[in-house]
Amino acid sequence: MNKNLIEIAYDDREHAEILLEQLSLHDNLCLVKKRLALGDYQISNWLIERKTLLDLVISLCDGRLFSQVARLSACDHNTALLIEGSSRDIASYDITREALIGALCSISINFNMPILRSLSQAESAKILYFCAKQLYSRETELKLNGRKPKRKKNRQLFILQSLPQVGPKLAKRLLNHFDNIEAVFIASAEELIKVEGIGQEKARKIRDVLTS
């Protein structure tokens with residue numbers, strides 16, 4: 001590949017013809033189709049998960065959203081969530097604006113994950129292009145500053161400490177007991193109680209914040 005080209009890898013299961021067509025118009029980009037274990041797009045050390053607003057609402061309603069976000073956030077890459085669409089796309093769904101805002105705030109704050117918003121695939125293509133240009137332009141600066149990605153375990157513990165009444169020691173016990181944070185997020189109150197330091201009340205609070 002020409003070293004002057006900016007590479008954007010995209011998952012081979014991604015269905016976004018307009019987006020990819022728009023990106024292909026930039027002669028300074030190199031699009032690489034590959035199987036990504038996580039995320040839909042990879043730019044340098046960043047993984048970007050693209051969800052339509054409708055997909056976001058459906059996964060929030062059926063309880064999959066936060067386990068998906070937790071798995072993405074716990075990986076070794078920096079991660080971001082790109083949400084595409086308008087309120088018209090979810091007009092027929094019985095979900096309040098407050099519930100949606102609460103979910104987005106949780107993703108941003110508790111998972112330390114930036115959220116990017118677009119109205120269409122064409123606009124998503126512009127966002128990905130701008131992200132690619134900025135990331136590649138600062139690569140040299142990051143290397144000079146010696147900045148390195150956080151260790152996976154530290155990121156996992158950071159996420160667990162966002163749960164109610166979970167400090168560093170309890171976060172370590174949770175991770176040791178369940179092996180990964182996705183298992184913690186889907187564990188029942190009865191399963192959580194098996195961890196030293198978690199009683200019925202604390203387990204209830206953890207389940208409430210994960211499911212409300």
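Between Ala80 and Trp46, the shortest heavy-atom contact is CB-CZ3, 4.0 Å. Counting all heavy atoms, side chain and backbone alike, Leu19 lies closest to Ala125 at O-CB, 3.6 Å. Gln161 and Ala171 get closest at one heavy-atom pair: CG-CB, 3.8 Å. Contact between Gly197 and Arg173 at its shortest, heavy atoms only, is CA-NH2, 4.1 Å. The two residues Leu174 and Val166 come nearest to each other via the heavy atoms CD1-CG1, 4.0 Å. Taking both residues in full, the closest heavy atoms of Ala122 and Ile18 are given as N-CG2, 4.3 Å, listed atom of the first, atom of the second, then distance.
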Query - Chi angles and distances behind the salt bridge (charged side-chain N to carboxylate O under 4.0 Å, His left out) call for Glu201, Arg204 - result: CA-CA 5 Å; Glu201 181 63 18; Arg204 183 188 64 78; 2.5 Å; yes
Report task. Go through the steps for Leu170 and Val195 under the test side-chain contact (heavy atoms from CB on, under 4.5 Å), then give the verdict. Result -> CA-CA 9 Å; Leu170 184 51; Val195 178; 4.1 Å; yes
Report task. Please assess Lys33 against Asp12 for the test salt bridge (charged side-chain N to carboxylate O under 4.0 Å, His left out), listing each intermediate value before the final yes or no. Result -> CA-CA 6 Å; Lys33 183 179 182 179; Asp12 59 6; over 6 Å; no
Query - Verdict with reasoning, Leu56 to Leu100, per side-chain contact (heavy atoms from CB on, under 4.5 Å) - result: CA-CA 9 Å; Leu56 182 81; Leu100 192 55; 3.7 Å; yes
Query raised in the report: Does the pair Ile159 and Phe185 meet the rule for a side-chain contact (heavy atoms from CB on, under 4.5 Å), with working shown?
Result: CA-CA 11 Å; Ile159 292 170; Phe185 275 64; 3.9 Å; yes
Requested in this report: Start with the C-alpha gap between Tyr10 and Ile48, add the side-chain angles, then the distance that decides, and say whether side-chain contact (heavy atoms from CB on, under 4.5 Å) holds.
Outcome: CA-CA 9 Å; Tyr10 66 96; Ile48 299 175; over 6 Å; no
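Within 6.0 Å of CZ on Arg88 lie no more than 12 heavy atoms contributed by other residues, nucleotides or ligands. For Leu54, the CG atom sits in a packed shell: over 12 heavy atoms of surrounding residues, nucleotides or ligands are nearer than 6.0 Å. Taking a 6.0 Å sphere around CD of Gln200, one finds it holds 12 or fewer heavy atoms contributed by other residues, nucleotides or ligands. Other residues, nucleotides and ligands place no more than 12 heavy atoms under 6.0 Å from the NZ atom of Lys172. At most 12 non-hydrogen atoms from other residues, nucleotides or ligands lie less than 6.0 angstrom from CG of Asp94. Residue Arg13 qualifies as enclosed at atom CZ: its count of foreign heavy atoms under 6.0 Å is above 12.
Annotation: the span from Ser73 atom OG to Gln68 atom CD amounts to 13.5 Å, rounded to 0.5 Å. A distance of 4.5 Å separates SG of Cys61 from CD1 of Ile95, quoted to the nearest 0.5 Å. Expressed to the nearest 0.5 Å, how far CD of Gln121 lies from CD of Glu21 amounts to 10.0 Å. Between atom CD1 of residue Ile198 and atom NZ of residue Lys205 there is a gap of 12.5 Å, rounded to the nearest 0.5 Å. For the atom pair CG (Asn78) and CG (Leu47), the distance works out to 9.0 Å, reported to the nearest 0.5 Å. Atom CG in Leu60 sits 5.5 Å away from atom CG in Leu65 (nearest 0.5 Å).
With contacts defined as side-chain heavy-atom distances shorter than 4.5 Å, the pair Leu38/His77 does not qualify. Using a 4.5 Å heavy-atom cutoff, the side chains of Ser86 and Asp89 are in contact. No side-chain heavy atom of Val69 sits less than 4.5 Å from a side-chain heavy atom of Ser106.
Under the 4.5 Å side-chain contact rule for hydrophobic residues, Leu119 and Ile115 do not share a cluster. Residues Leu31 and Leu36 do not share a hydrophobic cluster, defined by chaining ILVMFWY side chains whose heavy atoms lie under 4.5 Å apart. Linking ILVMFWY side-chain heavy atoms closer than 4.5 Å, directly or via other members, places Ile206 and Leu157 in a single hydrophobic cluster. Ile193 and Ile181 are members of different hydrophobic clusters when ILVMFWY side chains are connected at heavy-atom separations under 4.5 Å. By the criterion of side-chain heavy atoms lying less than 4.5 angstrom apart, applied directly or through intervening Ile, Leu, Val, Met, Phe, Trp or Tyr residues, Leu82 is grouped together with Leu20 in one hydrophobic cluster.
Side-chain atoms of Ser108 come within 3.5 Å of backbone N or O of Leu104 as a donor-acceptor pair. Not one N or O on the side chain of Arg207 forms a donor-acceptor pair closer than 3.5 Å with the backbone of Ile186.
For the 3.5 Å distance criterion, the side chains of Glu14 and Tyr41 qualify, holding a donor opposite an acceptor. Using modelled atom types and a 3.5 Å distance limit, the side chains of Lys34 and Gln42 yield no donor-acceptor pair.
Using cut-offs of 30° and 60° for the angle between ring planes, the Phe111 and Phe66 rings count as parallel.
Just one of Val32, Leu135, Ile43 meets the side chain to side chain contact (heavy atoms under 4.5 Å, CB included) condition when paired with Ile8; it is Ile43. Looking at Thr52, Leu53, Val57 one by one, the single match for side chain to side chain contact (heavy atoms under 4.5 Å, CB included) with Asp55 turns out to be Thr52.
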